[in-house]
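All remarks here apply to the structure that follows.
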2 protein chains.
Amino acid sequence: MVREVEVPEIVVRRLPIYVRALAQLEAQGVKTISSLELGRYIGITAAQIRKDLSYFGEFGKQGRGYEVSHLLREIKRILGLTRVWPMVVVGAGRLGQAIASYDGFKPRGFEVVGVFDNDPAKIGQPVGHLVIRDVSELPAAVRAHDIKIGIVAVPAAEAQKVADLMVQAGIRAILNYAPTALHVPAGVRVEDIDPVVTLQSMTYYLVNSESRDPAGTACPGAAEG
Amino acid sequence: MVREVEVPEIVVRRLPIYVRALAQLEAQGVKTISSLELGRYIGITAAQIRKDLSYFGEFGKQGRGYEVSHLLREIKRILGLTRVWPMVVVGAGRLGQAIASYDGFKPRGFEVVGVFDNDPAKIGQPVGHLVIRDVSELPAAVRAHDIKIGIVAVPAAEAQKVADLMVQAGIRAILNYAPTALHVPAGVRVEDIDPVVTLQSMTYYLVNSESRDPAGTACPGAAEG
């Protein structure tokens, strides 16, 4: 599909939420859904859904809503989810091992095909159906299988070095679990997963609603001052 | 501090990134930093940093940049991080156990004080320095310790039930690791951590830059069509 306008990043970030919801609805046997119902299911407005989808064409039929399976298939196609994406994980500590053996990737389009570490005590040990390999073997593995996605699961102090190695090997998308900002060249994407950063934005609202209204009945949208 | 305007959510979400960066800089012995340098360190523009901070007052001195320790302390105060927040985890599978024993919470303002499950085989087992307890004991524990933050680490099909239980007990912020949308009343915040959703937004860009430029030298900002 040829598009005239670039799709805003915030829209791209919402598309996987639609995929997740539509897959659940499809599994529940739901055949069609209105933008209003889908919005309620996800927790956003119907107008937002219609606007987001309008970047990619016409998906709903006037007065009949969306066909769940069709819309799911189309958004998956837009997101490049018509294939399974192989991924490598660097870092085979507790977190890396949990990631490498997570069974939720495969049904949603991803598969960890290699786990790497630099600790001789870990190398050679099994993780799920994989064996932990020496990180020096990473570049060859990435090139051999044309792998584009890498997961960083090492401590913060090691993370940039690992990211550099990944990028040099040909990785173009990094999911970063290390609690630090990574620097990568243009054309490579990094997304952070740092639960503490997420928690710290929630405490802002806990503190503010507490100070605004000790009884705990504050309206979240109420203005201060 | 009394503020006239509400702080945009996107700004609140960036503050923890500043905290993380400033804590690292402080640990490295950096005393002062310009908005330009801080921006480079984090990967955003200096103008954005200045604009974000302007919601909360004056932190920099003309021509001298920010005092790292002072700015860190102030942003932590704004985010309510002058205390340690106790948290409960529900779900003691592989993920829940990894969360409960994660040593990165405590230094950054959070502590898991209870882990709960409904599986008799798990209840009574140790996780780190905690013991897995029956989920029926959750409400009493939350009330007894005035806990405001809950972490959902159960399968998607169980997640809403757990969220309802948490909210009823007095939890006001939920970090949701289950790959499904949770519905909570106004005044309760939910943040999702779903690595697949994050990965799926990255594949959009992988697919688009691939189709735009098979040689792999695409400019990320280039318009299509």
Side-chain angles (χ1 to χ4, degrees), chain A residues 2-6 12-13 15-17 19-21 24 41-43 78-81 85 94-95 98-99 101 104-105 108-110 148-149 156 172-173 175 179-181 183 186-187 189 191 193-207 209 216-220 223-225, chain B residues 2-4 6 12-13 15-17 19-21 24 41-43 78-81 85 94-95 98-99 101 104-105 108-110 148-149 156 172-173 175 179-181 183 186-187 189 191 193-207 209 216-221 223-225:
Chain A
V2 177
R3 287 187 293 277
E4 297 298 321
V5 289
E6 197 167 350
V12 174
R13 286 176 186 277
L15 294 181
I17 307 284
V19 167
R20 194 174 71 177
Q24 287 168 354
Y41 190 83
I42 297 172
I78 291 164
L79 289 172
L81 301 175
W85 293 85
R94 188 193 293 267
L95 175 66
I99 294 166
S101 52
F105 286 131
R108 297 168 72 192
F110 300 88
K148 297 295 179 206
I149 305 176
R172 289 293 167 265
L175 190 64
T180 191
H183 300 94
R189 294 191 72 87
E191 293 286 342
I193 295 201
D194 183 343
V196 178
V197 159
T198 308
L199 287 166
Q200 288 178 343
S201 69
M202 291 202 289
T203 54
Y204 173 83
Y205 294 101
L206 288 176
V207 169
S209 71
T217 55
C219 305
E224 293 182 65
Chain B
V2 176
R3 287 186 293 277
E4 297 298 322
E6 196 167 351
V12 174
R13 287 175 185 279
L15 295 181
I17 307 285
V19 167
R20 195 174 69 178
Q24 287 167 355
Y41 189 83
I42 297 172
I78 291 164
L79 289 172
L81 301 176
W85 292 84
R94 188 192 293 266
L95 174 66
I99 294 166
S101 52
F105 285 131
R108 298 168 73 193
F110 300 88
K148 296 296 180 204
I149 304 177
R172 288 294 168 262
L175 190 64
T180 191
H183 300 93
R189 294 190 71 87
E191 294 285 344
I193 294 200
D194 183 343
V196 178
V197 159
T198 308
L199 288 165
Q200 289 178 342
S201 69
M202 292 204 287
T203 55
Y204 173 82
Y205 294 101
L206 288 175
V207 168
S209 70
T217 56
C219 304
E224 293 183 65

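Every chain is numbered from 1 and lettered A, B, ... according to where its sequence line falls, protein lines coming before strand lines.
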Where on R94(B) is there a heavy atom nearer than 4.5 Å to chain A: the side chain, the backbone, both, or neither?
-> side chain

When the 4.5 angstrom heavy-atom criterion is applied to I193(B) and chain A, the contacting part is side chain

Approximate separation, where rounding is to 0.5 Å, of I78(A) CD1 and Q200(B) CD | 12.5 Å

Backbone N/O of Y41(B) and side chain of H183(A): donor-acceptor pair under 3.5 Å | yes

Inter-residue atom distance R189(A).CZ - T198(B).OG1, 0.5 Å rounding | 11.5 Å

Taking all non-hydrogen atoms of both residues into account, name the closest pair between P179(B) and Q24(A) and its distance.
-> O-NE2, 3.0 Å

Selection from P195(B), A156(B), G104(B), A21(B) maximising heavy-atom pairs under 4.5 Å formed with chain A | P195(B)

Side chains of I17(B) and D194(A): closer than 4.5 Å at any heavy-atom pair?
-> no

Side chain, backbone, both or neither of L79(A) within contact of chain B (heavy atoms, under 4.5 Å) | both

N/O donor-acceptor pair under 3.5 Å between S201(A) side chain and V12(B) backbone = no

Would you say V197(B) and R108(A) make side-chain contact, with heavy atoms under 4.5 Å?
-> yes

Shortest non-hydrogen pair, L206(A) vs W85(B), comes out as CD1-CZ3, 3.6 Å

Heavy-atom proximity to chain A below 4.5 Å, by part of L199(B) | both

Per-residue contact mode, R20(A) against chain B (heavy atom under 4.5 angstrom) = side chain

Search all heavy atoms of M202(B) against all heavy atoms of L175(A) and return the closest pair with its distance.
-> CE-N, 4.0 Å

About how many Å separate CD of E191(B) and OH of Y205(A), when rounded to the nearest 0.5 Å?
-> 8.5 Å

